Structure formats: C-alpha cells, structure tokens
2 protein chains.
Amino acid sequence: MPRPEIDIAGVFAPHDHKTCASRALDEAEARLLAEGARLTPVRRRTLEILLESHRALGAYDVLDRLAAEGFGRQPPVAYRALEFLVQHGLAHRLQRLNAFTACLHPGSDHNPAFLICRSCDKIAEANAGEVREALADVAGHGGFRVERATIEALGLCNACAEAEA
Amino acid sequence: MPRPEIDIAGVFAPHDHKTCASRALDEAEARLLAEGARLTPVRRRTLEILLESHRALGAYDVLDRLAAEGFGRQPPVAYRALEFLVQHGLAHRLQRLNAFTACLHPGSDHNPAFLICRSCDKIAEANAGEVREALADVAGHGGFRVERATIEALGLCNACAEAEA
DNA sequence: TTCTCCATGTTACAGAATAACAAGTCAACC
DNA sequence: GGTTGACTTGTTATTCTGTAACATGGAGAA
C-alpha cells in the first residue's frame with residue numbers, strides 16, 4: 001500500500017462527527033503553526049462552518065453565516081477566508097459546484113479526487129494517485145504535460161444506494 | 001488498441017484548421033439528422049464560432065458574436081444554443097473555465113478528459129477510458145458508484161513547452 | 001514609539017446563469 | 001386551406017458568483 005489510505009465509506013456512513021471535525025481542526029492548527037500562518041477568528045470560524053457537515057457550501061452561504069455572527073457582510077470577507085484555507089490545504093474548491101468543502105486530511109495527498117453523492121450531497125476525498133497517473137499517461141502520449149488536474153465524480157454513495165433499494 | 005485513438009498533438013500543432021473544423025461541422029449535421037434534432041441558424045453559427053479555434057469561449061463571448069451578427073443579444077440566446085450543443089455531444093463545458101468548446105469527435109468517446117494548455121489556452125480532448133477506470137476503482141473500494149466525472153487537466157502542451165525552451 | 005506588514009472591512013462593479021413571459025415558425029393533421 | 005401543438009427564438013428582469021480598489025486597524029519588529 002504505497003499511499004496513505006483515505007476512508008471514503010467513513011464519510012457517508014454515520015459516524016462520530018464531533019471527533020471527526022475537531023480532529024481536522026486540530027490538524028489545521030498544527031499545520032498553520034508549522035507554516036507560520038495565522039488562524040484568525042474569521043478563518044477559524046469559516047473552517048468550523050465547513051467542518052459542520054461533509055457537504056460543500058457556496059461562498060455566499062458561508063458569508064451569511066459569518067455575517068450573522070458579527071463578521072463582515074461583504075463577499076470579500078468570505079472569499080478571502082476561503083481562499084486562505086484552500087491555499088493552505090485546509091479546504092478544497094469544487095469546480096462543478098462553485099462551492100467549498102473542508103479538507104479532512106490536511107497533510108496527506110493534497111490533490112484528491114472528489115466523490116460527490118447526488119443524493120445526500122456529501123463529499124468524500126479519494127486518493128487520486130492512480131487516477132492522476134493514468135491521466136498523465138494518456139496526456140503524455142500526446143505530448144502534454146499535466147501540472148494540475150480537477151477530478152470530480154458525481155454518483156451515489158453506499159448509504160444512499162442502499163436507501164434507494 | 002481497444003478505444004478509438006484521439007489525436008491530442010494534432011490540436012496543438014499547426015494544422016489545416018479549415019478542414020478540421022468543417023469535418024466536425026459535417027459530423028455534427030449527420031448526428032443531428034440521425035437524432036431528428038434541428039441545427040437551426042443560431043445553433044449552427046454558435047457551433048461554427050466554437051470551431052474557429054481550439055479554445056474555450058465564455059457564453060458572453062459567444063453572445064457578443066451572435067449579437068453582432070443579428071441574433072438576439074440577451075444571455076439566454078447563447079446559453080440555449082450552447083446547452084443544445086452540449087446535450088447533443090457537439091460541444092463540451094469546461095468547469096474550470098466556465099466556458100465551452102466544440103467537440104472534435106462527436107460519435108466517439110463522449111466523456112473525454114480535457115487538456116488545457118495554460119500558455120496557448122488551446123483545449124484537447126483525451127481518451128479518458130483508463131482514467132475513468134482508475135477513478136471507478138478507487139471510488140468503488142469506498143462503496144461509491146461513479147455516474148459522471150469531470151476530468152480537466154491544466155498544463156503545458158508540446159508546442160508551448162518547446163517555445164519556452 | 002513608530003514603522004511595516006498583514007488582516008479586515010467597505011463600496012462598487014464585473015461576470016455567469018436562469019426564471020418567466022411573449023411571439024414567431026413549421027410540420028402534421030383535419 | 002386553416003388550425004393545432006410542439007418547438008424555437010426573443011425579451012425583461014433577477015439572481016448567483018467573484019473581484020478590484022480603497023480605508024482602517026492591530027500586532028510584532030526595529
């Protein structure tokens with residue numbers, strides 16, 4: 001097993017979410033400390049909001065929450081906090097959804113593939129190593145060098161598939 | 001070679017673009033005829049505009065062109081034509097760019113991976129079969145069934161890489 | 001203390017997309 | 001030939017998404 005294992009099923013199945021979220025927050029703090037970046041109140045709160053669910057939130061959803069809690073109420077407030085989190089690997093942007101989601105494993109593979117359940121809207125990160133290899137391979141045959149790639153899958157998670165049946 | 005071969009390098013290298021574009025237009029007409037759908041003037045012109053380059057155009061870029069040629073000048077005019085083309089596999093939407101590009105091989109693999117050159121902005125389609133297999137595989141291990149996937153790579157094409165050196 | 005960097009907040013705007021409605025076109029059918 | 005019905009095109013108006021530019025404020029370094 002050459003790559004760190006990421007727990008996809010754990011996202012979609014019922015789990016102790018408080019622990020799951022607070023662990024991610026702890027890891028985030030540790031990472032930022034190591035990088036000398038500051039987890040200010042807005043940034044921290046933004047991350048907490050994203051961590052409340054395993055879903056993706058639009059920038060304006062986040063902004064509404066922040067504004068209601070006394071932070072600024074103009075778009076750049078949310079966009080800047082989100083951009084900061086993304087740049088430090090603590091959140092991801094989903095291109096298909098124009099939305100953001102918390103990163104559950106800062107530190108491991110920072111270029112995951114995203115699995116978006118069309119039924120419950122939850123998002124899981126999957127290890128994209130092999131997928132990226134296959135992509136680099138086919139691109140390389142055409143003389144194209146891949147630098148960054150967006151890999152987002154829409155489908156049905158295990159829990160929802162069972163519920164449908 | 002189990003899948004139809006797609007010519008990536010041919011997009012980025014100089015080539016007889018008139019032939020390349022008119023062939024795609026012919027194929028589009030044939031496809032629509034077979035499906036009983038109509039390639040009306042706006043739709044045809046929209047496709048022609050997309051086919052002028054191997055780049056992606058925003059809906060408003062297309063709209064400007066259409067309006068200048070006497071078609072309607074309101075957003076739905078462009079969005080509807082583009083949506084029609086996408087639904088019939090004659091164009092693709094690029095999520096990363098909020099933009100649209102003509103499909104060069106309607107008929108073959110309709111779920112390609114996209115290769116976007118960050119230098120010349122050209123777009124090539126690559127056969128995504130193996131990439132999708134790898135994705136379905138890693139997702140499947142987590143109990144997730146992939147239905148549709150967005151695969152878009154940003155990087156450097158051969159021609160631009162040589163030009164940089 | 002003062003200077004500088006960074007963070008936060010604002011106003012104003014640009015860009016992307018859609019809802020809802022009015023009117024024209026065209027083929028099929030009586 | 002006229003009518004019906006599906007589809008296409010066009011509009012107005014609005015919503016959602018994202019950024020540029022500028023003013024203020026705080027925290028640490030000199």
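Every value quoted in this text rests on a predicted model; they were computed, and no experiment measured them. Proteins get letters first, then strands, A, B, ... in listed order; numbering begins at 1 in each.
Toward the 5′ end of DNA chain D lies the nearest nucleotide of Val42(B), the other residue of the pair Val42(B) and Asn98(B) mapping further downstream.
Using a 4.5 Å heavy-atom cutoff, the side chains of Leu32(B) and Leu90(B) are in contact. Side chains of Ile8(A) and Asn127(A) form no contact here, defined as non-hydrogen atoms less than 4.5 Å apart. Looking at heavy atoms from C-beta onward, Gln95(A) lies out of side-chain contact with Thr150(B) at the 4.5 angstrom threshold.
Mapping heavy-atom proximity under 4.0 Å, the span of DNA chain D touched by chain A runs 5' to 3' from dT17(D) to dA20(D). Once you apply a 4.0 Å limit to the heavy atoms of chain B, the touched nucleotides of DNA chain C run 5' to 3' over dA16(C) to dA19(C).
Listed by chain and residue number, nothing satisfies the salt bridge (charged side-chain N to carboxylate O under 4.0 Å, His left out) test with Glu83(A) (two or more places apart in sequence, or in another chain). Partners of Arg145(A) according to the salt bridge (charged side-chain N to carboxylate O under 4.0 Å, His left out) rule, which considers only residues two or more places apart in sequence or in another chain, are Glu147(A). His15(B) meets the ring-ring contact (aromatic ring centres under 6.0 Å, His included) test with His17(B), His54(B); sequence neighbours excluded. In this structure, the salt bridge (charged side-chain N to carboxylate O under 4.0 Å, His left out) partners of Glu27(A), at least two apart in sequence or on a different chain, are Arg23(A). The ring-ring contact (aromatic ring centres under 6.0 Å, His included) search around Phe84(B) returns His88(B), not counting sequence neighbours.
With pairs defined as Watson-Crick or G-U wobble and both atom distances under 3.5 Å, the stems of at least three pairs that touch DNA chain D come out as C:1-30 with D:1-30.
Other residues sharing a hydrophobic cluster with Leu154(B) under the 4.5 Å side-chain heavy-atom criterion for ILVMFWY residues are Leu94(B), Leu97(B), Phe114(B), Ile116(B), Ile123(B).
Listed by first and then second residue, the salt bridge (Lys or Arg N to Asp or Glu O under 4.0 Å) pairs that reach into residues 60-73 of chain A are Arg45(A)-Glu69(A), Glu52(A)-Arg65(A), Arg65(A)-Glu69(A), sequence neighbours excluded. The ring-ring contact (aromatic ring centres under 6.0 Å, His included) pairs that include a residue from residues 128-165 of chain B are Phe12(A)-Phe144(B), where partners are two or more places apart or lie in different chains.
Among the heavy atoms of the strands lying under 4.0 Å from Arg38(A) are primed sugar atoms or P, OP1, OP2 only; no base atom is included.
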* **Stepwise salt bridge (Lys or Arg N to Asp or Glu O under 4.0 Å) check, Arg118(B) with Glu164(B)** => CA-CA 12 Å; Arg118(B) 64 165 160 80; Glu164(B) 276 195 3; 3.5 Å; yes
* Please step through side chain to side chain contact (heavy atoms under 4.5 Å, CB included) for the pair Ile49(A) and Leu66(A), ending with a clear verdict. => CA-CA 9 Å; Ile49(A) 289 169; Leu66(A) 291 174; 4.0 Å; yes
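Using a 4.0 Å cutoff on non-hydrogen atoms, the parts of residues 52-79 of chain A near DNA chain D are Tyr60(A), Pro75(A), Pro76(A), Tyr79(A), ordered by number.
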